[in-house]
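Just so it is clear, the model here is predicted, and its values are computed rather than measured.
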Amino acid sequence: MAVAALRPRVAALGRRLGVPGARDTFLAKGSATLDKLKDLCNEGKEHPSTLFQLYTQAVLDITYFEENQLVDEDFPEESSLQKLTELIYILSEPEDLVRECSINEEPINILGAELLECLYWRKGALLYMYCHTAKERSEWLQENIATFKKCLNDGVHYLMKMLSFRCPLQLDEDVSLQDKDTATLLSEGIFSDTHLLAMMYSGEMCYWGLKHCGEGKQQSLESIDPVSSSDLGSRSQSISLDFQETGRNMLTKYVAVCEGPLKGQAWNTTTAKQMLRYFVKSHN
């Protein structure tokens with residue numbers, strides 16, 4: 001069943017390697033992984049979890065090249081939303097594949113926390129970068145405020161999900177970490193720089209939401225689809241965030257960590273504090 005479900009997805013991913021002028025380290029890695037995956041599928045001896053993990057790695061490498069193209073081109077106004085939707089669809093495929101083939105297993109048990117974190121980080125960070133560019137296009141923003149809000153909402157949800165896969169370390173007598181600062185970070189669920197960036201990005205997107213879209217909690221987003229007739233609607237988050245509360249929580253934690261255990265490590269909190277003041281002011 002796993003091999004049958006994989007074959008069309010591997011073929012579809014392989015077609016993405018034919019991008020004109022595509023000479024790239026990540027594409028080369030993705031291509032090598034796909035070749036290995038095809039061989040293993042033909043042999044039919046490998047455990048499905050190994051196949052799913054290889055497929056996920058190929059997805060991450062091949063889409064990374066395409067994401068970089070979008071960023072380098074500054075998210076072209078006329079085509080980037082469609083491309084964004086397409087990439088988020090592909091980055092959601094590994095989880096869909098696992099659910100399709102492993103009825104009794106959660107994706108985290110098959111793919112592992114690290115790969116799932118990568119998938120959700122990439123979806124959230126991609127929407128962050130898109131919104132960062134889109135918010136400066138005043139005419140587009142005025143005409144597409146619902147789409148912008150939907151992208152922010154989904155982006156924050158993806159980043160919050162990314163932060164949820166690993167449980168914060170419970171500090172007690174049985175845990176002996178000589179470095180107190182490291183212990184504090186792990187107890188806050190911060191396992192890497194990327195986890196900290198996810199907090200900052202989430203807070204910043206909530207700030208944009210509050211500033212450009214209002215409270216962020218009055219309206220259900222189920223009917224808002226960034227690209228008509230696209231499939232993003234079924235994969236995206238329909239619950240509308242409270243931008244103010246979520247943003248304030250994320251940035252408060254970010255500042256506390258940067259000025260606590262990471263003090264002197266060159267993490268800047270100036271922008272985060274300015275946004276926190278805005279949250280307080282708008283709340284009052």
Nearest heavy-atom neighbours spanning [X] and [Y]:
| X | Y | result |
| --- | --- | --- |
| Leu111 | Leu115 | O-CD1, 3.5 Å |
| Arg248 | Thr252 | O-OG1, 2.6 Å |
| Pro76 | Arg137 | C-NH1, 4.4 Å |
| Val156 | Ser202 | CG2-O, 3.8 Å |

Are [X] and [Y] in one and the same hydrophobic cluster, where Ile, Leu, Val, Met, Phe, Trp and Tyr link if side-chain heavy atoms are under 4.5 Å apart?
| X | Y | result |
| --- | --- | --- |
| Met129 | Leu70 | yes |
| Met275 | Val280 | no |
| Phe26 | Val59 | no |
| Leu119 | Tyr64 | no |

Enter the distance from [X]:[atom1] to [Y]:[atom2] here, rounded to the nearest 0.5 Å.
| X | Y | atom1 | atom2 | result |
| --- | --- | --- | --- | --- |
| Arg16 | Ile62 | CZ | CD1 | 9.0 Å |
| Glu66 | Leu84 | CD | CG | 12.0 Å |
| Leu276 | Leu251 | CG | CG | 5.0 Å |
| Leu196 | Trp267 | CG | CH2 | 4.5 Å |
| Gln53 | Glu46 | CD | CD | 10.0 Å |
| Asn249 | Gln244 | CG | CD | 10.5 Å |

Results of ring pair (Phe, Tyr, Trp, His ring centres under 6.0 Å) for Phe279 - residues two or more places apart only: none
task: Only counting residues at least two apart or in another chain, list the ones meeting ring pair (Phe, Tyr, Trp, His ring centres under 6.0 Å) with Tyr201.
output: Trp121, Tyr128
Show me the donor-acceptor pairs within less than 3.5 Å that the side chains of residues 27-42 make with the rest of the protein, sequence neighbours left out.
residue : atom : partner : partner atom : Å
Thr33   : OG1  : Lys29   : O            : 2.9
Asn42   : OD1  : Arg7    : NH1          : 3.3
Asn42   : ND2  : Lys38   : O            : 3.2

task: Can you sort out the partners of Pro48 under side-chain contact (heavy atoms from CB on, under 4.5 Å), two or more places apart, ordered by chain and number?
output: Ala2, Phe52
With Ile145 via side-chain contact (heavy atoms from CB on, under 4.5 Å) - residues at least two apart: Leu141, Phe148, His212, Cys213
message: Set out, in order, the CA-CA distance, both residues' side-chain angles and the distance that settles side-chain contact (heavy atoms from CB on, under 4.5 Å) for Ile88 and Ser92, then state yes or no.
response: CA-CA 6 Å; Ile88 287 173; Ser92 301; 4.3 Å; yes
field: Full working for side-chain contact (heavy atoms from CB on, under 4.5 Å) between Leu81 and Cys151
entry: CA-CA 10 Å; Leu81 202 52; Cys151 289; 4.2 Å; yes
message: Working note: Met250 + Met200, criterion side-chain contact (heavy atoms from CB on, under 4.5 Å); need CA distance, chi angles, decisive distance, verdict.
response: CA-CA 7 Å; Met250 284 291 179; Met200 180 62 189; over 6 Å; no
query: Do Gln274 and Tyr207 touch side chain to side chain, with heavy atoms closer than 4.5 Å?
result: no
message: Could you tell me if the side chain of Lys83 sits less than 4.5 Å from the side chain of Gln69, heavy atoms only?
response: no
side-chain hydrogen bond (donor to acceptor under 3.5 Å, both in side chains) against Lys211, all qualifying residues, sequence neighbours excluded: none
query: With a distance cut-off below 6.0 Å to the six-membered ring centre and an angular limit of 45° from the axis, does Lys161 pair with Tyr158 as a cation-pi contact?
result: no
- request: Give a yes or no answer on whether the side chain of Asn153 reaches the backbone of Lys149 with a donor-acceptor pair at less than 3.5 Å.
  value: no
query: Quick one: do Glu100 and Arg9 make a salt bridge, cutoff under 4.0 Å?
result: yes
- prompt: Would you find more than 12 non-hydrogen atoms of other residues, nucleotides or ligands less than 6.0 Å from Glu77 atom CD?
  reply: yes
field: side-chain contact (heavy atoms from CB on, under 4.5 Å) between Leu13 and Ile90, intermediate numbers included
entry: CA-CA 9 Å; Leu13 208 50; Ile90 298 164; 4.2 Å; yes
message: For a quick check under 3.5 Å, do His132 and Glu204 share a side-chain donor-acceptor pair by atom type?
response: no
